[in-house]
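One structure is given here, and the rest of the page talks about it.
Note that this is a predicted model, so its numbers are computed, not measured. Letters go in sequence order (proteins before strands), and every chain restarts at 1.
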There are 2 protein chains.
Amino acid sequence: MAGNNDADGTGLPASVEAAWGLRDRPVKGPKPGLSLDRIVAAAVDVAAAEGLGAVSMGRVAKELGASTMALYRYVSAKEELYLLMQEAAMGTPEPLPALESGADWRAALGEWAWAQRRMFHRNLWALRIPIGGPPASPHSVAWWEQGLQALSGSGLPEGAKISVIMLVSGFVRNEALLMSDIAAAVEEKGVPAEEVMTRWERTLKRLVDPVRHPALVSLLETEDLAEPDHPDHEFVFGLERVLDGVEVLVRKETRGAE
Amino acid sequence: MAGNNDADGTGLPASVEAAWGLRDRPVKGPKPGLSLDRIVAAAVDVAAAEGLGAVSMGRVAKELGASTMALYRYVSAKEELYLLMQEAAMGTPEPLPALESGADWRAALGEWAWAQRRMFHRNLWALRIPIGGPPASPHSVAWWEQGLQALSGSGLPEGAKISVIMLVSGFVRNEALLMSDIAAAVEEKGVPAEEVMTRWERTLKRLVDPVRHPALVSLLETEDLAEPDHPDHEFVFGLERVLDGVEVLVRKETRGAE
DNA sequence: CAGTAGAGCGTACGGCATACGCAGAAGTCG
DNA sequence: CGACTTCTGCGTATGCCGTACGCTCTACTG
């Protein structure tokens, strides 16, 4: 098995189906010495410790004490391994307190965004995985469901709800991607994060021309860009803006309905 | 030249400085047969035609009728070539009508977002370039300057302005990245975009469990997700929400100031 | 007319994903 | 119990990739 993709026309790679319990292993031949779970776990360990770039088929196999080609009995291509790693990183969303207590949609959606951010920050390497097509996996579906439930009391039409979900999760993902970029830069060069930021600010100042960039000049004069005092600041600001924007829509919608 | 990075402690790779006119070529040896511009242009052509994955040093060299290693006289590593390609893709921002006519900050910022989106969609391959650290290049600086100018009439403090700029451009980038993912999937498999979407919807329906995902079920029943009738729809919706959110802040800020 | 800096590039190395086929293990069936 | 089937692990090989190194030859400086 795990030979070709989409062997049964379902649109899903075979190994993915196996991982989701949609398919069972045959009983004939010798007992498998490895397992999808162990392979994915080993790959995730490598990615977490040394970045996604260190994840190669050979490296993962070495970690498991197996040969490179042994992995291909479980996974038909590296891309499939990536997919499973992503799924493992995403995990099952934690229950939201605001959802249980029946609070505001805004409180619930805010908590949802924060939970998603925490998840991404725990697995910054996952953001470096190149994606192919829109995501459809059990765990991402679970996240969507939770987001939709957070919006259940908002009174928005269904189409608007899913758009809001995409907007918010896109925002969270984008912010986390920025962090991942910085983390990657930190890891590659030897310098710490602070050094990266000051170096960036220096380069910026070198590029800015007072004549062509008056607004930037006045910004650089009044503001200290490389301020690591509150790494959450940009996220908090953006999230507040987005939630405000959603709230405007909610108010417009509910006013029209009454 | 183009040997090591950061030879003069400015924090910039040598070839990048050369591309920005901060450094001039020596006059001693034989005349260069190639040029940075031609190399970057060839690389961009390949990326535009066959995707970023097709861009390899050997391939670009072949396009120029030169040997692979000849490129390394101009660029010290592939990553530098990526950087220059990105810069070429970004280009100089077009002037915004709303800025010239002195219109609303909201109209100007909206136009800015649309212009940025157009730029990304012209160069979807550029979004697949793995980034290292925060961007600082002449063209991205020019884009920021324009965004800040759009906000000049908003009355926001400088720090809030740059945060808004990052929020909006992050939103635009994220939406374009989604499109780039779909485009990459379309290119890799033979199927057209429509087929990708319906296939995605089918997989989704297969994953959704009525018991654990009640909100998603009702969404899938009422809404047709794979609707290519208006590909801009998601972008329009998100941008409106974000601008609404910014407007809330602007109103709060100006009310406090008066 | 030396001297020399730099251009182009051939070769080589190490790493990567993965196609293919073989040996042997663990079941099933007569 | 044996023959047959099916599946595992893996050795080998192929063809990409980025790029370090060093050679040759060019075109300029003194």
Side-chain angles (χ1 to χ4, degrees), chain A residues 1-5 7 13-15 18 23-36 38-39 42-43 46-47 50-85 129-130 132 188, chain B residues 1-5 7 13-15 18 23-36 38-39 42-43 46-47 50-83 85 128-130 132 188:
Chain A
M1 63 149 298
N4 269 342
N5 291 5
S15 75
R23 192 178 296 196
D24 20 40
R25 287 204 166 251
V27 282
K28 257 307 203 34
K31 293 222 175 84
L34 299 173
S35 75
L36 256 188
R38 281 186 59 208
I39 292 173
V46 171
E50 301 169 47
L52 190 67
V55 175
S56 71
M57 298 304 271
R59 177 63 196 281
V60 172
K62 189 175 293 177
E63 218 73 16
L64 292 164
S67 84
T68 304
M69 291 315 289
L71 301 192
Y72 283 92
R73 292 281 169 197
Y74 301 81
V75 150
S76 79
K78 196 187 180 183
E79 203 177 302
E80 272 188 35
L81 179 57
Y82 274 162
L83 225 162
L84 296 170
M85 289 172 68
I129 295 180
E188 196 173 356
Chain B
M1 61 150 295
N4 269 342
N5 290 5
S15 74
R23 191 178 299 194
D24 22 39
R25 289 205 164 250
V27 281
K28 257 305 198 43
K31 291 218 178 86
L34 299 172
S35 75
L36 256 187
R38 282 186 59 209
I39 292 174
V46 171
E50 302 170 46
L52 189 66
V55 175
S56 71
M57 299 304 272
R59 177 63 197 280
V60 173
K62 188 175 294 178
E63 218 71 18
L64 292 164
S67 84
T68 304
M69 292 314 290
L71 301 192
Y72 284 92
R73 291 280 169 195
Y74 300 81
V75 149
S76 79
K78 196 188 180 184
E79 204 177 304
E80 271 187 35
L81 179 57
Y82 274 161
L83 226 162
M85 289 173 69
R128 320 287 294 183
I129 294 180
E188 196 172 357

- prompt: Which side-chain hydrogen bond (donor to acceptor under 3.5 Å, both in side chains) pairs, counting each pair once, include a residue from residues 60-70 of chain A, with sequence neighbours left out?
  reply: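 Non-adjacent pairs meeting side-chain hydrogen bond (donor to acceptor under 3.5 Å, both in side chains): R59(A)-E63(A).
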
Q: Round to the nearest Å and state the distance from Y74(A) atom OH to dC7(D) atom C1'.
A: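 These atoms are roughly 10 Å apart.
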
**Item:** Interatomic distance, R38(B) CZ vs dA7(C) P [rounded to whole Å]
**Value:**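 For the pair R38(B) CZ and dA7(C) P, the rounded distance is 15 Å.
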
Closest heavy-atom pair and its distance - [X], [Y]:
X: V55(A); Y: A43(A); answer: CG2-O, 3.7 Å
X: G33(B); Y: Y74(B); answer: N-OH, 3.5 Å
X: A77(A); Y: Y72(A); answer: CA-CE2, 4.2 Å

Query raised in the report: Residues two or more places apart in sequence or in another chain: which of them pass side-chain contact (heavy atoms from CB on, under 4.5 Å) with P30(A)?
Result: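 None.
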
5' to 3', nucleotides 9-19 of chain C under a 4.0 Å protein heavy-atom cut-off (B base, S sugar-phosphate only, - none) gives BBB----SSBB

What does the list of N/O pairs under 3.5 Å between the protein and nucleotides 28-30 of chain D look like, with a distance for each?
unit_1, atom_1, unit_2, atom_2, d
dC28(D), O4', K28(B), O, 3.2

Inset, instruction - Measure the shortest side-chain to side-chain distance between L71(A) and L64(A) over non-hydrogen atoms and say whether it is less than 4.5 angstrom. - result: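 L71(A) reaches L64(A) side chain to side chain.
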
Exercise. How about L81(B) and M57(B): do any of their side-chain heavy atoms sit closer than 4.5 Å?
Worked result: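 Yes, side chains in contact.
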
Distance check, rounded to the nearest 0.5 Å: E80(A) atom CD versus L36(A) atom CG?
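These two atoms lie 9.0 Å from each other.
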
